[in-house]
Structures are given as C-alpha cells and as structure tokens.
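Structure, as structure tokens:
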2 protein chains.
Amino acid sequence: MAQRREERTAAIIAAAWDLAREEGIGGLTLRGLARVVGVRQPSLYEYFESKHALYDAMFAVGNRQLLERLDGLSLPDDPRAALKAFMATFVDFALEDDARQQLLFQRPIVGFEPGAASYDAAVQVLERGIAMITAAGLTDQGDVDCFVAMVGGLIAAQASNEPGGDRWARHLERLIDLYLDNPRQGRTR
Amino acid sequence: MAQRREERTAAIIAAAWDLAREEGIGGLTLRGLARVVGVRQPSLYEYFESKHALYDAMFAVGNRQLLERLDGLSLPDDPRAALKAFMATFVDFALEDDARQQLLFQRPIVGFEPGAASYDAAVQVLERGIAMITAAGLTDQGDVDCFVAMVGGLIAAQASNEPGGDRWARHLERLIDLYLDNPRQGRTR
DNA sequence: GTCTATAGTTTGATAGAC
DNA sequence: GTCTATCAAACTATAGAC
C-alpha cells in the first residue's frame, strides 16, 4: 500500500511543523523529530533522503495550505474590497505561526533552496497576489513592488516586535487604500 | 598597556565582520576567525569570554558605526527634507552589508540578546529616527509605526530580492512623501 | 520498514604547559 | 598571552542485522 506510506509521510511532516513551532525552524533536528514521531532517528531516512528533503516537504505543505486558504475565500466583486480581504487572509496566515512564516517567506536555513515542485505552490501564491493588486488598479511595476514591500514590512514588524498582537497589522486596510489611491503616475484629482 | 589590548580587540571584531560578510553571520565560527586573525582558536578566549560576547561586541560596533554616520550628516533645515536625507542614509547603511543588516536589524542568532551596553547605541538610533519622523509631522503612534514598517519592508525586499540594486530602495522618497501627506487623522484638504 | 551501532564531522569551551 | 591537546556535545548520514 503506497497510501499507507503517504499518510505516514504526511504525519511526519505535521509533527515536524509542530516541533518547529516549539523549537524554532532552525532548531529542528532529526533526533527530536524521531522522538515525537515515536521512531529512531535513522528510520526517518525511509521517508526523507536528507534533512533538506524534509525542509522541502515542509515548505511545500506550508505553501499548499496557504494556497488552499486563499482559494477558499469568497471574495467580494469590488476589486479593492477583494484585495483587502485577500491580503488580510495572507497577513493572518503569516502571523499565525512564526516558524512557518520564517520558512515560507524568509530564508532562515543556510543552503536550503526549495525544489522546483515545492516552489510551484509559492509561485502560484505570488501570482494570485499580483493579479489581485493589478485588478485593484496598480499596474505599474514600481507600485506593485511598493505594495508588496509594505505588506511584508507590516508582517515583519508585527511578528518580531509584538507577536500575537495587531499594533501593526491593524493598519493594513488603511495602507491598502493609501497605496491604491496614490499610484506613481496618478493625479490626486 | 591596556590600549594595546583594546586595539587588538577592535582588530578581531573587524576581522569577524569581514568573515561574516563572506560566510554569513550564522556561519561565523571561532576557528575560522582565529585562522584569519592568525592565532589559534583558544586564544580568542583571551578577548571574548564566549561566542555570544563576540556577537555582542560586533552588534555594538555596528550600531556605533550607524550612529556615527547619522550624526555626521549635515541635514537641511526643512524637516521633510531632513527626514528624507536621514532615512536615505539609514537605508544605504542597511543595504551596504547584508551580514550587518541581519545582526543589527533582525535576530538571526538563536539565543543571542545584546547586552544593555551594546543595546544602548541601537536605542539611540531608534530615538533619533523617531525624532526626525515626529519633527516632519507624524506624531501619531500608528503613523510612526507604519512609517517604520514601510522603511523596514523596503530594506528587506531590496536585500533579499535584489541585493546591490535599487528596484525597491529608489521609491523611498516618494513613499516618505506619501506617508507624511496622509496621517491617520489628516484631511487631504 | 525499523532497529542497533557507529562513522564522520563540526563546534564551543577548558586545562595546563610555556 | 599564546600555545597544544583535548573534552564534551551535538548533528547528519550510513551499514547491516532482523
């Protein structure tokens, strides 16, 4: 049964995420993971050929979760309202889990580059985001860049200075309006 | 001569920064540092009682460099122009050296918290920045938070997506105008 | 597929001679 | 103050029995 093996693999990845949440993404070790899974450390090599392969699988699962959540949204017709709902979901997702935010949106593991298959989900997320921004009226590359940087800055400030709070995140909607209302070439009136 | 010792300590810290620039801040090892300094690894313990103490000294030196550069600016009288010049210098400093940016503005070393003395310079930098923002007209805490997050977001996006370029950094002045012209409670006219 | 055993490496830190 | 020698610990990864 190949299905049995896939379920087991998924359970190990889930346990790895649990552990990363406690120990930090960089503090994840195969010994620790084996302990919570209930096997000996070498047995994990039956499911992942290296530690990098484990990170890669975690990266893929995390991005697929994000993609599912974004695709599950029932967005309003108004492009601006839709963008706000989309980005609020994105920010919530990022702030829910610091370890996940680090592995998905930063590069905290030296030498780790996600494989093409795992990267695919991340690319899809980015494409959806840019499509939403464009639909809301920001077509200039510089405007899109600034918008993306702003959202990333909010997330980073919130996660590192006040995890669990909303001191920064609560300004998201206002800032979205600000950016949409002031494109680079735009006139205020 | 205690002076001789201080000079040697400073030289070791400088070498550590050189090495961190090559190997990454997390890849810095005492053995590697000893090699480039020209001594054996245990000899470093004559100058730093632990690796954390070395990081702490590096953190302090980096922040003092930033403080010197900011204090050395001859700023225009106009508060808005002054803020732009101040922040441009800050962003340049952060983007000059990725390892330095990581140690100073992120927390890439697990378990490392700068000591009070080293933290002092960092606090002074932040205070100066907030004073500049306030002088330019943003007095609301939420406005200051958003401004700081925006600058951090620009730096992070630039450093991680296009090191050495200016695709994000070049929008700094325009975004400063945008934030100053649109305070939370403000009216456009 | 899981185990025991261990190789092989790297690291921070200490002891003690000089 | 610098050295040699070494400890003690952690980790990833592999070999081979069952």
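Within every chain, numbering begins at 1; the chains are lettered A, B, ... in the order of the sequence lines, protein sequences first and strands thereafter.
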Nucleotides 12-18 of chain D: protein proximity per nucleotide (B base, S sugar-phosphate only, - neither; heavy atom, under 4.0 Å): BBB----
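- Scanning for side-chain contact (heavy atoms from CB on, under 4.5 Å) contacts around B/Val37 gives B/Arg8, B/Ile12, B/Ala15, B/Leu33, B/Val39, with sequence neighbours left out.
- Residue A/Ser43 places no side-chain N or O under 4.0 Å from the OP1 or OP2 atom of C/dG1.
- Near-neighbour residues of DNA chain D inside residues 7-21 of chain A, defined by a heavy atom below 4.0 Å, are absent.
- A cation-pi contact links A/Arg5 to A/Tyr47, judged by a cut-off of 6.0 Å to the six-membered ring centre and 45° from its axis.
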Identify all side-chain donor-acceptor contacts of residues 81-92 of chain A below 3.5 Å with residues at least two apart in sequence or on another chain.
{"unit_1": "A/Lys84", "atom_1": "NZ", "unit_2": "A/Asp177", "atom_2": "OD1", "d": "3.0"}
{"unit_1": "A/Lys84", "atom_1": "NZ", "unit_2": "A/Asp177", "atom_2": "OD2", "d": "2.9"}
{"unit_1": "A/Thr89", "atom_1": "OG1", "unit_2": "A/Ala85", "atom_2": "O", "d": "2.9"}

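- Remark: A/Phe147 engages no residue in a ring pair (Phe, Tyr, Trp, His ring centres under 6.0 Å) (not counting sequence neighbours).
- Legend: residues meeting salt bridge (Lys or Arg N to Asp or Glu O under 4.0 Å) with B/Arg174, ordered by chain and number and at least two apart, are A/Asp143.
- Applying the side-chain hydrogen bond (donor to acceptor under 3.5 Å, both in side chains) test to pairs two or more places apart or on separate chains, those with a residue in residues 55-64 of chain A are A/Asp56-A/Ser118.
- Rounded to a whole Å, the CZ atom of A/Arg35 is 12 Å from the P atom of D/dA10.
- Atom CZ in B/Arg40 sits about 7 Å away from atom P in D/dC3, given to the nearest Å.
- The side-chain contact (heavy atoms from CB on, under 4.5 Å) search around A/Ala53 returns A/Phe48, A/Glu49, A/Ser50, not counting sequence neighbours.
- Taking for each of A/Glu46 and B/Gly27 the nucleotide of DNA chain C with the nearest heavy atom, the 5'-most of the two is the partner of A/Glu46.
- Closest heavy-atom contact between A/Leu178 and A/Asn182: O-ND2, 2.9 Å.
- For B/Glu23, the side-chain contact (heavy atoms from CB on, under 4.5 Å) criterion is met by B/Leu19, not counting sequence neighbours.
- Of the residues in residues 106-117 of chain B, none lies under 4.0 Å from DNA chain C by heavy-atom distance.
- Atom CZ in B/Phe48 sits roughly 19 Å away from atom P in C/dT11 (whole-Å rounding).
- Annotation: side chain to side chain donor-acceptor pair (under 3.5 Å) contacts of A/Asp71 (sequence neighbours excluded): A/Arg128.
- Residues passing the side chain to side chain donor-acceptor pair (under 3.5 Å) test with B/Glu46, sequence neighbours excluded: none.
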